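Structure, as structure tokens:
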Amino acid sequence: MGKYIIILIVLAVLLDVCLSGPRWSRGRGRGRGRDREERRRMRNGRRGGGWGMGDHGMFRGFEGFHGGRFNFGLGPRRDPWFGMDFSWGGEPRDEPWWKGPNVCFSMTEGVVNDTDEIRTHFSYESVICDGSDSTFKCTKTETTPRGQETTVELYECCPGFTRAQDDFGCMQEVPLYDIPTLLESLNLGELIKVLESSGLTSEILSSNTNNFTIFAPTDEAVKLFLPLVSEMEPSINLTDLGYVVMVSERIKDSVVDNTRNLLLGHVAVGSLTSSHISDNQIIETASPLKSTIRMNVYQRPVELLTANCKKVTKADNLASNGVVHVLDDVLKPVSETLLDLVQKNPELSTLKTALGSSALAASLREDGQFTLFAPTDTAFKNHKDLLLKIMTNPDCMENVLKNHLLPNVICSAIIQGETRTSNVLKKRTNLSRDADDKLYVDGAQIVTSDIMATNGVLYIIDDVLIPEEALNMLQLAEKKDLVEFGKLVDLAGLKKELRHTENVTIFVPSNEAIKALPASVVANLGKDQQALQELLQYHIVPDVLSCSKFYNNLQLDTLQGTQLRINEYSSFPFGRHWTQTVQCANIDSSSIKGCNGAVYVIDKVLLPPSGNVLDVLAQNKKFSTLTELVKIAGIADVLQEDGPYTMFAPTDEAFKALGSDAVEELKQNPETLKSVLLNHVTRDTICCAGVIRANWFDSQKVRTLSGEVFRIGKTRGGETYIDNSDVIQCDLTATNGVVHVIDDVITTPRRRRPWEWIWEFK
């Protein structure tokens, strides 16, 4: 009997381990994880259930060791599959804290976007839950063919209650006072004086009929930005100054009105705790100036809540008639768009002109959530020569402007050390704060920060952020340190032409590729400027091409008048090796897109072919025997067709190795000779860069025009071979294909011995 009990205990423990995995999430969506409170409860040995999180689960939660009570890992729970209670008479299940007393629940539902848009049948829902010490909030987003619907469920401590870390529910009762009394308890005496002098304390904030949300600056902020004024000239307009000033009875009524209006820019009707605030929420204030407050909620690099980019230092101070959020600064009126701010600032006239001819101007005039880095006129003047070209090209200027615009609101308070985000140009923007508290964006210093607009925030910077997409081809080559190519362009006298040429693609040889050219070739090119110009024009295609437009055996017209051949090679399904070549030169996987075209870096200098495959053979003394045999076999016409063809060409030495009798015998038997020669020709372009090392699963093979199939690959040392022949020189390009020099004559496919395979695969 004892062994059965032991077996039962072991099975129970194993079952508990299996069931203690990740939470399930309802439907097709998934929750983001447990909130902080739940993690604390897990560390204490308690756990609730959940759909994605909390008590909203497809399967109820379960517990292990509970409160020091030994229960073999089963705990007081109900098994989700069998519906059996394994608590063995233990305590009832420990509910999450928000199921306890004095917790208020609210639910809001978004409107279904029921439009006439074309939609698929695909449906899904996701649940994201967040929690704090006194709130638990789950947002469910359901997308269906009808549209999108959002439901927010919120649990929070009821007014007048709070909770300690391990409380079940909100057990700590706290007294509630009206807003003026609360402000006093928060040591905001300077703000109280300003409110009282403006008559707002008695008229509004002491009211028990309405609730208000107050964004209250600290005493330090009030003293710094709102100096106590006992006497002021009536001609001073406080609205223009953007200051809230405490005034004495001697100040005229108009000044008092301005002060009241500015103070009302810190007041919103209704009680908005942080749990009811979402990122980029726009809050209408009570100010007659129609100023708004933009709330931003950040999670990284630190958790932060801001109001008009001012840091909320102490949130959710509850009063009997509202809530107070303490700020580290004073809120200035916000009623203008980003475009308005640019147009009204005399230091931004160049940016204003650039935006005037850009489609971005409409976006900066409408509702949105942007961050604009605005270079000053002085910053533009520092790039006068470069920007003269850009300003006359709408596409280039558009790229420059997009590089200064972020599609989200980034307040300076969230910039901690080094961080980054993406801009409208879909490029990385680097933001940083140094040890001296100075802010930078992509190396440009931020002169003025956090100028709020109704549709975002404006920063003034001391330099222009010029992206690669705004540079011409030569500037791109210089930025990528392709100095050798720049020297050839200067030598050919093409610098001015390439600077102004539009919509081109240039295949730029790397510095190493140019340095690898024979000295005799470089010397001849230096003496013949026309030949050098034609060589460089052979690298230029009069069209802007992306990698996605490349396909195997694509032929591109060049400025030189001949064509380039693009080839693609893949090791799929036995690997991820992927190569693109142009005239058998490797193309770097990433293009550099500039203002007037695109740049691709290649590992060879492209030399225009001297003719078709037969011409390449006839012009090379190494192939005199092969050229003679090609004509005898009657395949010369084949090698002059469009192709493409790849010729594995044996040298004269390779034929001598067969013996003079064997060669003469082939000459006497044209059909046999034709079959042997066609073993060396395949109807495709096979560059050495497209040949890969064999693996255990498969090896590369080619079918030649003779019908035979031969193995092709690379050795451990990187040498290319076909069957039993080594390729001793690669990639002699022709107009209709490519020729490779080999050191042996291919007769019939040779079987490799097992140790040879192992040697290659090793």
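Residues: numbered from 1 along the sequence shown. Every value quoted in this text rests on a predicted model; they were computed, and no experiment measured them.
No donor-acceptor pair under 3.5 Å is formed between the side chain of N403 and the backbone N or O of N399. Between the side chain of D743 and the main chain of I728, no donor-acceptor pair closer than 3.5 Å is present. Without hydrogens or angle criteria, Q700 side chain to V691 main chain gives no donor-acceptor distance under 3.5 Å. A side-chain donor-acceptor contact under 3.5 Å links Q533 to the backbone of A492. A distance-only check finds no donor-acceptor pair linking the side chain of T720 to the backbone of C688 [under 3.5 Å]. Panel note: side chain T685, backbone G737; no donor-acceptor pair is recorded below 3.5 Å. Of the possible donor and acceptor atoms, one in the side chain of D615 sits under 3.5 Å from a partner among the backbone N and O of N612. In this structure a side-chain-to-backbone donor-acceptor pair under 3.5 Å is missing from N423 to H404. Looking only at distances, a side-chain donor or acceptor of D377 sits under 3.5 Å from a matching main-chain atom of S349. Using a distance-only test at 3.5 Å, with no hydrogens or angles considered, a donor-acceptor pair links the side chain of T627 to the main chain of F623.
Judged by distance alone, the side chains of E653 and T651 never bring a donor and an acceptor atom under 3.5 Å apart. Between E708 and T704, the side chains place no donor N or O within less than 3.5 Å of an acceptor N or O (distance only, hydrogens not considered).
Between R565 and V738, every side-chain heavy-atom pair lies at or beyond the 4.5 Å cut-off. For the pair Q529/L491, no side-chain contact is recorded, criterion being any heavy-atom separation below 4.5 Å from C-beta on. With a 4.5 Å cut-off on side-chain heavy atoms, L488 and E484 do not count as touching. Between Q369 and P407, the closest side-chain pair of non-hydrogen atoms is not below 4.5 Å. The shortest side-chain heavy-atom distance between L536 and L559 does not fall under the 4.5 Å cut-off. Side-chain contact between H539 and V508: absent, with no pair of heavy atoms (C-beta onward) separated by less than 4.5 Å. Contact annotation: the side chain of I410 approaches that of N408 to within less than 4.5 Å [non-hydrogen atoms, C-beta and beyond]. Looking at heavy atoms from C-beta onward, L431 lies out of side-chain contact with Y459 at the 4.5 angstrom threshold.
In this structure, OG in S432 is found 9.0 Å from CG in D442, a value given to the nearest 0.5 Å. In this structure, I686 CD1 and I712 CD1 are separated by 5.0 Å, a value rounded to the nearest 0.5 Å. In this structure, CG on L360 lies 6.0 Å from CG on L401, to the nearest 0.5 angstrom. The distance from the CG atom of L405 to the OG1 atom of T371 is 8.0 Å, given to the nearest 0.5 Å. One distance of note links CE of M473 with CG of L482; it measures 12.0 Å at 0.5 Å rounding. Note that the CG atom of L465 and the NE2 atom of H383 stand 8.5 Å from one another [nearest 0.5 Å].
You'll find the ring centres of F648 and H740 inside the 6.0 Å limit.
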**Message:** Walk me through whether Y440 and N430 qualify under side chain to side chain contact (heavy atoms under 4.5 Å, CB included).
**Reply:** CA-CA 8 Å; Y440 296 88; N430 298 303; over 6 Å; no
**Request:** Under the side chain to side chain donor-acceptor pair (under 3.5 Å) rule, what do D543 and N503 come out as? Steps first, then yes or no, please.
**Result:** CA-CA 5 Å; D543 193 9; N503 300 323; over 6 Å; no
**Evaluation steps, side chain to side chain donor-acceptor pair (under 3.5 Å), between Y538 and Q583** = CA-CA 11 Å; Y538 183 61; Q583 292 298 109; 3.2 Å; yes
**Prompt:** Run the salt bridge (Lys or Arg N to Asp or Glu O under 4.0 Å) check on K515 and E512 step by step: do they pass?
**Reply:** CA-CA 5 Å; K515 290 178 181 179; E512 294 75 17; over 6 Å; no
**Item:** Full working for side chain to side chain donor-acceptor pair (under 3.5 Å) between D603 and S510
**Value:** CA-CA 6 Å; D603 65 352; S510 65; over 6 Å; no
**Request:** Would you check, one step at a time, whether the test side chain to side chain contact (heavy atoms under 4.5 Å, CB included) holds for D684 with N552?
**Result:** CA-CA 10 Å; D684 197 2; N552 197 42; 4.0 Å; yes
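Residue K604 forms a side-chain hydrogen bond (donor to acceptor under 3.5 Å, both in side chains) with just one option from N586, D731, T581, and that option is D731. The one candidate from K427, K402, K426 that meets the salt bridge (charged side-chain N to carboxylate O under 4.0 Å, His left out) condition with E469 is K427. Of the candidates V727, N620, L732, V741 forms a side chain to side chain contact (heavy atoms under 4.5 Å, CB included) with just one, namely L732.
Counting all heavy atoms, side chain and backbone alike, I461 lies closest to D463 at CD1-O, 3.2 Å. The two residues S422 and R428 come nearest to each other via the heavy atoms OG-NH1, 3.8 Å. Scanning all heavy atoms of the two residues, the minimum distance from A379 to P375 falls at CB-CB, 4.0 Å.
Salt-bridge formation is not detected for the pair K674/E671: no Lys NZ or Arg NE/NH1/NH2 atom is positioned less than 4.0 Å from an Asp or Glu carboxylate oxygen.
Around atom CD of E665, no more than 12 heavy atoms belonging to other residues, nucleotides or ligands sit under 6.0 Å away.
For the two cysteine residues C584 and C687, the thiol sulfurs sit under 2.5 Å apart.
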Acceptor/donor pairs from residues 630-641 side chains to any protein atom, 3.5 angstrom cut, sequence neighbours excluded:
{"from": "Q640", "atom 1": "NE2", "to": "A636", "atom 2": "O", "distance (Å)": "3.3"}
{"from": "E641", "atom 1": "OE1", "to": "Y645", "atom 2": "OH", "distance (Å)": "2.9"}

